[in-house]
Peer 1: 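Would you mind keeping the following structure in view while I ask a few things?
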Amino acid sequence: RSNANRQLKTIDTKYCSHNLSLIEKDNGYLGVARLDKDTSRTWFMKKLGECMSCYEFTFDKELNLLNTEEKTIKYKDKVKFEDFRSFNYKGKIYHSVSYIKQDWNTTIAILDSNYNFIKDIEVEQPNKMSFGVGEEVIWEKNWLFFTHKNELHFIYNTSPNYVVYKNTGDFVFEKIIDTDNVMKDKFPEKELYFSSRVKVGGSTQPVWLEEQSCYVYLVHTKLYQDRAYNHFAVKLDKDLNLIDIGYKPIISSRIPYGLFFISTWLRQGDDLIISGGLEDNKNWIWQVPIKKVLDSFNI
């Protein structure tokens, strides 16, 4: 956790780990992050390898680290699990996770609190990308799961279309919103994803701000050559309608850390506790005033 000047706090681990997800519990916080025992596999699209376990972190209410434990993911095949995001649904903790198969197709699945694989989550038209060689592959990452009106939803995409899915039971989802994002030009053209249907990536789940009567969540654009991200705030009304996008990133590519990626945020008083990864090999926790997030919507 940060101090008054919001100094970054990193979390050391035995093996390579990054993109920490946080979730609040009665006696503190639970954290989950990717675990990779072979750092040569962290080079994107160079070598697939496998990641069949994760780190589980236990924190007290002041976000002091109490315990770190390796957890095995129960799944039938050898794949690469990454980009965990934890959420509560009907009193239970679950984890959404991307996993890359040997053919490079990547999808989103749900794990239970003991890291048992529950199921793949299906969408109407999976996003496909080409990485310069070979055929297009399915590339699904960074969906944002949250509870709205006591039912599980996830934000699938923010630009060029704003797309939301809702659970109809047993983690089967139907699309309830798919509309042109008329504010998509606020995202810098040179920082958009290469895919045709998904132009920005999801970062944090929506947080409800009662005093503003709105949800706020983060998305990211990517500066590929700079190894950096810009994280923009997005505002929704009480019915999940898109109402605003920040004019400037709340965490910009100018931050003095490479690949500074935000995975989750949680409200704590007048601040948001955020977590994620940097340099594809570290986990961190930071603190940002809510005012800083809201100010990003003003010119």
Side-chain angles (χ1 to χ4, degrees), residues 17-26 29-36 48-58 69-128 137-157 163-177 198 201-206 217 240 263-264 266 275-277:
S17 180
H18 59 100
N19 291 1
L20 172 68
S21 171
L22 281 177
I23 191 166
E24 193 167 6
K25 300 179 68 176
D26 290 340
Y29 297 86
L30 176 76
V32 179
R34 167 179 163 173
L35 185 159
D36 197 336
L48 179 58
E50 63 186 54
C51 294
M52 299 297 295
S53 58
C54 61
Y55 273 127
E56 182 180 271
F57 304 94
T58 304
E69 187 174 353
E70 179 179 346
K71 296 289 186 177
T72 300
I73 299 168
K74 291 82 170 180
Y75 183 65
K76 59 184 179 179
D77 298 322
K78 301 297 184 183
V79 296
K80 188 175 187 179
F81 284 96
E82 59 184 26
D83 294 341
F84 295 82
R85 286 181 174 82
S86 305
F87 59 89
N88 278 305
Y89 178 52
K90 294 188 175 179
K92 296 181 179 180
I93 292 176
Y94 297 92
H95 313 283
S96 68
V97 61
S98 295
Y99 69 102
I100 307 175
K101 304 171 187 176
Q102 295 300 320
D103 59 6
W104 293 102
N105 285 298
T106 301
T107 190
I108 302 287
I110 300 293
L111 310 178
D112 68 15
S113 60
N114 293 314
Y115 306 98
N116 296 300
F117 182 93
I118 296 178
K119 66 187 303 181
D120 290 332
I121 305 301
E122 298 181 358
V123 292
E124 292 183 5
Q125 291 181 297
N127 181 56
K128 292 186 175 183
V137 295
I138 295 173
W139 196 252
E140 294 290 10
K141 304 187 71 145
N142 300 319
W143 300 355
L144 308 176
F145 287 80
F146 67 108
T147 299
H148 170 67
K149 294 183 178 178
N150 298 317
E151 193 50 77
L152 188 63
H153 294 66
F154 68 86
I155 297 173
Y156 174 79
N157 192 25
V163 182
V164 180
Y165 280 79
K166 177 183 177 181
N167 184 28
T168 61
D170 297 323
F171 297 113
V172 175
F173 291 80
E174 66 175 358
K175 185 163 59 176
I176 60 169
I177 300 175
V198 175
S203 293
T204 70
Q205 79 285 9
Y217 69 100
L240 304 183
S263 299
T264 55
L266 302 168
S275 68

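Position 1 is the first residue of the sequence, and the numbers go up from there.
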Peer 1: What I want to check is whether the side chains of T264 and S275 have a donor and an acceptor closer together than 3.5 Å.
Peer 2: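 There is such a pair between these side chains.
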Peer 1: If you take all heavy atoms of V137 and W104, which pair is closest and at what distance?
Peer 2: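 That closest heavy-atom pairing would be CG2-O, 3.8 Å.
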Peer 1: Using the test side-chain hydrogen bond (donor to acceptor under 3.5 Å, both in side chains), find all partners of Q125 that sit at least two apart in sequence or belong to another chain.
Peer 2: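 Expected list: none.
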Peer 1: Where do L20 and A33 come nearest, in terms of heavy atoms and distance?
Peer 2: CA-CB, 3.9 Å
Peer 1: Without hydrogens or angle criteria, can the side chains of N142 and R85 be said to hold a donor-acceptor pair below 3.5 Å?
Peer 2: yes
Peer 1: Taking the six-membered ring for Trp, are F146 and F87 closer than 6.0 Å centroid to centroid?
Peer 2: no
Peer 1: Are the aromatic rings of F81 and Y75 close, with centres under 6.0 Å apart?
Peer 2: yes
Peer 1: Would the Y115 and H95 ring centres measure less than 6.0 Å apart?
Peer 2: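 Ring-ring flag for Y115/H95: true, centres closer than 6.0 Å.
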Peer 1: Tell me the closest heavy-atom pair linking Y217 and T204, and the distance in Å.
Peer 2: CB-O, 3.3 Å
Peer 1: Regarding Y89 and N167, is there a side-chain donor-to-acceptor distance under 3.5 Å anywhere?
Peer 2: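 There is such a pair between these side chains.
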Peer 1: Please determine if E82 and R34 form a salt bridge, counting it only when a charged side-chain N lies under 4.0 Å from a carboxylate O.
Peer 2: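 Yes, this pair counts.
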Peer 1: Work out which heavy atom in K78 is nearest to a heavy atom in M52; give both atom names and the distance.
Peer 2: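 Scanning both residues completely, I find the closest heavy atoms to be CA-SD, 3.9 Å.
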Peer 1: Does K175 come within less than 4.0 Å of E124, counting only side-chain N to carboxylate O?
Peer 2: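 Yes.
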Peer 1: Taking side-chain contact (heavy atoms from CB on, under 4.5 Å) as the criterion, tell me which of L144, L240, T147 meets it with H153.
Peer 2: L240
Peer 1: Do Y94 and F171 make the cut of ring centroids closer than 6.0 angstrom?
Peer 2: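 Ring-ring flag for Y94/F171: true, centres closer than 6.0 Å.
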Peer 1: Would you call the rings of Y165 and F154 parallel, tilted or perpendicular if under 30° counts as parallel and over 60° as perpendicular?
Peer 2: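 Because their plane-to-plane angle is under 30°, the rings of Y165 and F154 count as parallel.
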Peer 1: Classify the side-chain pair D103/N105 by whether it contains a donor and acceptor separated by less than 3.5 Å.
Peer 2: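 Checked: D103/N105 side chains pair up, N/O donor to acceptor below 3.5 Å.
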